[in-house]
Novice: 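The structure under discussion is supplied below as structure tokens; questions concerning it will follow.
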Amino acid sequence: MLFLWGTLITEPFHIFARFIARAVHYACKGIGISGIAASLILYVVVVSVVILMQKLAPTKLGVFIPCAISVVFIAMLLVKAFMNRSVVISDALCLAVPAAIALVFYIMKFEKGLKWFADVYTYSLAVALVNSLLFVPLAKLGTVAAKILYITRYNDIDITSGFAGLAGIPEFVWGIFLTAFAVLPVIYLATIGRRK
């Protein structure tokens with residue numbers, strides 16, 4: 001997933017990350033929170049969503065995760081289309097494809113496929129977070145790094161820019177620090193799930 005993150009195939013998962021990031025952004029803006037506080041809230045929300053989805057995936061509710069995400073996103077797309085009186089065709093197609101796959105899996109009662117699909121959504125959000133925290137600040141270090149790290153072309157979550165220069169510490173170092181705290185519980189829950 002990490003190596004595919006800068007490609008078109010992962011666009012439905014970019015929309016997923018973008019939706020969460022924008023929802024947090026508008027909520028913070030609405031209550032007057034900005035800067036580092038807003039970045040921390042976004043960080044905590046994204047990590048919490050990943051952990052919650054990891055917890056739900058092995059349960060009976062896990063098979064409903066792809067359906068719930070598809071329904072919410074399509075509803076959001078319809079509301080946006082109604083308000084703007086136009087439809088973004090690329091977004092509509094990117095949301096229709098995973099919704100169609102999930103529907104086929106439901107019709108076939110393919111529970112393993114649905115749980116796998118839920119895992120893809122879960123870990124795509126984790127990849128979006130790692131990309132934002134680690135690779136985006138690294139790409140800012142120079143044009144060569146930016147060209148090599150093609151996965152940073154589509155960054156939907158902006159956390160580290162709010163920390164840049166805080167306490168004299170570079171953005172990249174903050175990214176490493178935040179990545180470590182985010183990845184540890186995700187890896188722990190992933191390994192516990194495998195053992196079960």
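Along the sequence shown, the residues carry numbers beginning at 1.
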Novice: Identify each donor-acceptor pair in which a side-chain atom of residues 24-50 lies under 3.5 Å from a protein atom, sequence neighbours left out, and give them as a table.
Specialist:
unit_1 : atom_1 : unit_2 : atom_2 : d
Ser39  : OG     : Gly35  : O      : 3.3
Ser39  : OG     : Ile159 : O      : 3.2
Tyr43  : OH     : Leu178 : O      : 2.6
Tyr43  : OH     : Ala182 : N      : 3.3
Ser48  : OG     : Val44  : O      : 2.6

Novice: Kindly state each residue pair satisfying salt bridge (charged side-chain N to carboxylate O under 4.0 Å, His left out) with at least one member in residues 30-59, sequence neighbours excluded.
Specialist: none
Novice: Starting from Val71 and following side-chain heavy-atom contacts under 4.5 Å between hydrophobic residues (I, L, V, M, F, W, Y), which residues can be reached?
Specialist: none
Novice: With salt bridge (charged side-chain N to carboxylate O under 4.0 Å, His left out) as the rule and sequence neighbours excluded, what pairs involving residues 7-20 come up?
Specialist: Glu11-Arg18, Arg18-Asp156
Novice: Let's go through Val72 and Phe19 carefully: what are the C-alpha distance in whole Å and the side-chain angles of both, what is the deciding distance for side chain to side chain contact (heavy atoms under 4.5 Å, CB included) to 0.1 Å, and is it a yes or a no?
Specialist: CA-CA 10 Å; Val72 168; Phe19 170 75; 4.2 Å; yes
Novice: Once you round to the nearest 0.5 Å, how far does CZ of Arg22 lie from CD1 of Ile15?
Specialist: 9.5 Å
Novice: Which residue pairs pass the side chain to side chain donor-acceptor pair (under 3.5 Å) test when at least one of the two sits in residues 167-187, sequence neighbours left out?
Specialist: Lys140-Glu171, Thr160-Glu171
Novice: Report the residues that fulfil ring pair (Phe, Tyr, Trp, His ring centres under 6.0 Å) with Phe64, sequence neighbours left out, ordered by chain and then residue number.
Specialist: none
Novice: In the structure I gave you, are the side-chain heavy atoms of Leu78 and Phe82 within less than 4.5 Å of one another anywhere?
Specialist: no
Novice: Side-chain atoms of residues 128-136: list all donor-acceptor pairs with protein atoms under 3.5 Å, sequence neighbours left out, distances to 0.1 Å.
Specialist:
unit_1 : atom_1 : unit_2 : atom_2 : d
Asn131 : ND2    : Ile151 : O      : 3.3
Ser132 : OG     : Ile157 : O      : 2.4

Novice: According to side-chain contact (heavy atoms from CB on, under 4.5 Å), who are the partners of Leu52, at least two apart in sequence or on a separate chain?
Specialist: Leu56
Novice: Just so I know, are the side chains of Ile69 and Phe73 near enough to count as touching, which here means a heavy-atom distance under 4.5 Å?
Specialist: yes
Novice: Report all side-chain donor-acceptor pairs from residues 94-109 shorter than 3.5 Å, counting only partners two or more places apart or in another chain.
Specialist:
unit_1 : atom_1 : unit_2 : atom_2 : d
Tyr106 : OH     : Val63  : O      : 2.4

Novice: Which residues pass the ring pair (Phe, Tyr, Trp, His ring centres under 6.0 Å) test with Tyr121, not counting sequence neighbours?
Specialist: Phe13, Phe16, Phe117
Novice: If only side-chain N and O atoms count, and only distance matters, is there a donor-acceptor pair under 3.5 Å linking Ser161 with Asp158?
Specialist: yes
